[in-house]
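First the structure, in the form of structure tokens, and then the observations on it.
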Number of protein chains: 2
Amino acid sequence: MSLEHILLGLLRQPASGYDLKKVFDERIDYFWAAELSQIYPTLKRLEKRGWARCCQAVSSRGPGRRVYETTTAGRRALRDWLAKGPEIGDERFAYLAQIYLMDELGDLKQTLRFFTVLRDDFNRKLEALRRLERYWVEADPHYPDELPPPDFHVHLTLRMGILSLGGHVRSCDESIRRLRARMDREKHTRPGVSKSTRRKNPHAPPRHKLALRPPDRKSQTPRARP
Amino acid sequence: MSLEHILLGLLRQPASGYDLKKVFDERIDYFWAAELSQIYPTLKRLEKRGWARCCQAVSSRGPGRRVYETTTAGRRALRDWLAKGPEIGDERFAYLAQIYLMDELGDLKQTLRFFTVLRDDFNRKLEALRRLERYWVEADPHYPDELPPPDFHVHLTLRMGILSLGGHVRSCDESIRRLRARMDREKHTRPGVSKSTRRKNPHAPPRHKLALRPPDRKSQTPRARP
DNA sequence: AACCACTATATAACTATTTATATAAATGTC
DNA sequence: GACATTTATATAAATAGTTATATAGTGGTT
């Protein structure tokens, strides 16, 4: 479970569940969100497994704090997780599913609005990361390649966020441009709407003849086995 | 729930749970994965709610099929989901969490290996999408902007996949270049290792002094309220 | 006849995550 | 003093998703 390992990483500096929630909202949020109701049981699980230890502490305001810290066994588990290679392939993108099915609306204006909102959202996040990078440039004379190891790795994460979001924004821009052009074309050809862009029967089930994967070429199966 | 709505979209063409699983693995997989054990109960839920109807059918091989289809109410629910704007902000990226914490390994060679695997994985997916696009170009004279509505929207999805993966591959390349340079620098400065890149005490908890968000500027809070 | 691969549905057990709610102490404000 | 806010932990209930397993028919291979 990724949350367990992220907590293991963060708890290399002692923190309470409440502290960790703030850390998540401030900087982990970009790639992993977590609620308090998930953090607390997970901390107990880590402690029971011997990956974290806990000690009571007093708070100047409010009830007592349970401050956790990664143990040696916990750091070993964290290293194992990191060493066994990238965890990839489980990502889910609801907005891509929405675009995939959006022909259902039968209204390019709505699709255009969708992409505009999406574009703004991606761009807002991109601007936040770029602002952050500018802040680092100004604040740290070691920036970017002489940064000490933890910051260097955090910076690699930041750069991946920036380049990835850049791709998303560009993609939205391209889609918006194409949608506008298509709407223009539709307007000018009315009422003799182009054959290719009109649905013959708008209530008929759409046939996605173009799959996202090209058809299998069975002949390509390797068969060298003497 | 996104899975419900994706099924609603796919079931505009009648299909059984087994059929749907194949559709997921062939083309939905890129942005949403689903297991049979999740598809079957969800289909029953859709039927109970009146969003899909089911009729028995015989199979030439194997047991009887339960073929589902979206109802009018189901299509309305699908349209509502699409019309209420992009579902965004819940994405989780375990591999970014891994990079964020990878200073723990204290070994740039392992980080480099990690990025190489990641790069290959992104690139393999990118190549698959590009191959698919080439296949479309050759197969469809309407490509890309005269495509009928369902294919046009599927193509927008494909393009976002291509541009997003492109950003990821570029980001990996950048990281790999920086890692190589840093390793080179470390090698040449040994044993007098540069102050900035060496951990004083490799067992001390890392202090991520650079947060992914710049410090709050409290003074910026709007206060115009007469 | 034994075995495997494929089609097809189903469910149990587990893990992960979200939403809502309860509790309680301290501080500040109207 | 009443009330809101912040700090702090905790749990219940619901939802979402994975892994493993069971069942069963059909066709092909050994």
Side-chain angles (χ1 to χ4, degrees), chain A residues 1-8 14-26 28-29 31-49 52 54-68 81 87 89-94 97 216 218 221, chain B residues 1-8 14-26 28-29 31-49 52 54-68 81 87 89-94 97 216 218 221:
Chain A
M1 213 237 291
S2 299
L3 178 62
E4 280 182 0
H5 294 102
I6 296 172
L7 290 179
L8 243 28
S16 72
Y18 194 82
D19 294 338
L20 289 165
K21 171 59 175 162
K22 278 186 288 186
V23 172
F24 269 88
D25 290 347
E26 273 167 24
I28 307 298
D29 200 41
F31 48 84
W32 204 276
E35 298 301 323
L36 271 173
S37 56
Q38 204 194 349
I39 292 171
Y40 281 119
T42 306
L43 287 173
K44 288 197 172 163
R45 209 161 56 232
L46 290 179
E47 195 189 9
K48 200 150 64 186
R49 209 181 295 163
C54 170
C55 66
Q56 233 79 13
V58 288
S59 167
S60 58
R61 311 160 49 104
R65 297 159 50 81
R66 302 177 62 77
V67 176
Y68 290 85
W81 182 59
E87 262 197 9
D90 291 338
E91 295 79 26
R92 273 152 198 218
F93 306 96
D216 279 342
K218 302 242 164 131
T221 31
Chain B
M1 214 238 289
S2 299
L3 178 60
E4 281 182 359
H5 294 103
I6 296 172
L7 290 179
L8 243 29
S16 72
Y18 194 80
D19 295 337
L20 290 165
K21 172 57 175 165
K22 278 186 289 186
V23 173
F24 268 88
D25 289 347
E26 273 167 24
I28 308 298
D29 201 41
F31 48 84
W32 204 277
E35 297 301 323
L36 271 173
S37 56
Q38 204 193 348
I39 292 172
Y40 282 119
T42 306
L43 288 173
K44 289 196 172 164
R45 208 160 57 232
L46 290 178
E47 194 189 8
K48 200 149 65 185
R49 210 181 295 163
C54 170
C55 66
Q56 234 78 14
V58 288
S59 167
S60 57
R61 309 160 51 103
R65 298 159 50 81
R66 302 175 63 77
V67 176
Y68 290 85
W81 182 60
E87 263 197 8
D90 291 338
E91 294 80 24
R92 272 149 202 224
F93 307 95
D216 279 342
K218 302 245 164 130
T221 31

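Since this is a predicted model, take the numbers as computed values, not measurements. Numbers restart at 1 for each chain; the letters A, B, ... are given by sequence-line order, proteins then strands.
- Both B/Asp90 and B/Pro41 lie close to DNA chain C; mapped to their nearest nucleotides by heavy-atom distance, the more 5′-ward contact belongs to B/Pro41.
- Contact between the side-chain N/O atoms of A/Gln38 and the OP1/OP2 oxygens of C/dT18 is found at a separation under 4.0 Å.
- With rounding to the nearest 0.5 Å, the separation of NZ in B/Lys44 from CZ in B/Arg49 is 15.0 Å.
- Checking D/dT19, C/dT9, D/dT9 against the side-chain heavy atoms of B/Arg65 singles out C/dT9 as nearest.
- Proximity note for A/Tyr40 (side chain, C-beta onward) versus D/dT9, C/dT7, C/dA16: the nearest is D/dT9.
- Rounded to an integer number of Å, the gap from NZ of B/Lys21 to C1' of C/dA10 is 16 Å.
- When the C1' atom of C/dT18 is taken as reference, atom CD of B/Glu87 falls 14 Å away, rounded to whole Å.
- In this structure, CG of A/Leu36 is placed 13 Å from P of C/dT19, rounded to the nearest angstrom.
- Heavy atoms of B/Lys44 sit under 4.0 angstrom from primed sugar atoms or phosphate atoms, though from no base atom.
- Counting to the nearest Å, the C1' atom of D/dT18 and the CZ atom of B/Phe24 are 15 Å from each other.
- With rounding to whole Å, A/Glu35 atom CD is found 15 Å from D/dA14 atom C1'.
- Residues B/Trp81 and B/Glu4 have side chains not in contact (no heavy-atom distance under 4.5 Å, counting atoms from C-beta outward).
- Using a 4.0 Å cut-off, some side-chain N or O of A/Arg66 falls inside it from OP1 or OP2 of D/dA10.
- Checked by distance alone, A/Ser37 brings a side-chain donor or acceptor within 3.5 Å of a matching partner on the base of C/dT19.
- Shown are A/Leu43, A/Leu8, A/Leu20, A/Leu7; of these, the side chain to side chain contact (heavy atoms under 4.5 Å, CB included) with A/Tyr68 is made only by A/Leu43.
- The side chain of A/Tyr18 approaches D/dT7 more closely than any other nucleotide in the set D/dT7, D/dG17, C/dT18.
- Contact between the side-chain N/O atoms of B/Arg92 and the OP1/OP2 oxygens of C/dA16 is not found at any separation under 4.0 Å.
- The distance between atom CD of A/Glu91 and atom P of D/dG17, rounded to the nearest whole Å, is 14 Å.
- Set against D/dT18, D/dA16, C/dA16, the side chain of A/Met1 has C/dA16 as its closest nucleotide.
- Under the 4.0 Å criterion applied to side-chain N and carboxylate O atoms, A/Asp19 and A/Arg65 are assigned as salt-bridge partners.
- With hydrogens and angles disregarded, a donor-acceptor distance shorter than 3.5 Å links the side chain of B/Lys21 to the backbone of B/Ala34.
- C/dT18 atom C1' lies 13 Å from atom CG of A/Leu3, rounded to whole Å.
- Computed from coordinates, the A/Lys22 NZ to D/dT7 C1' distance equals 8 Å when rounded to whole Å.
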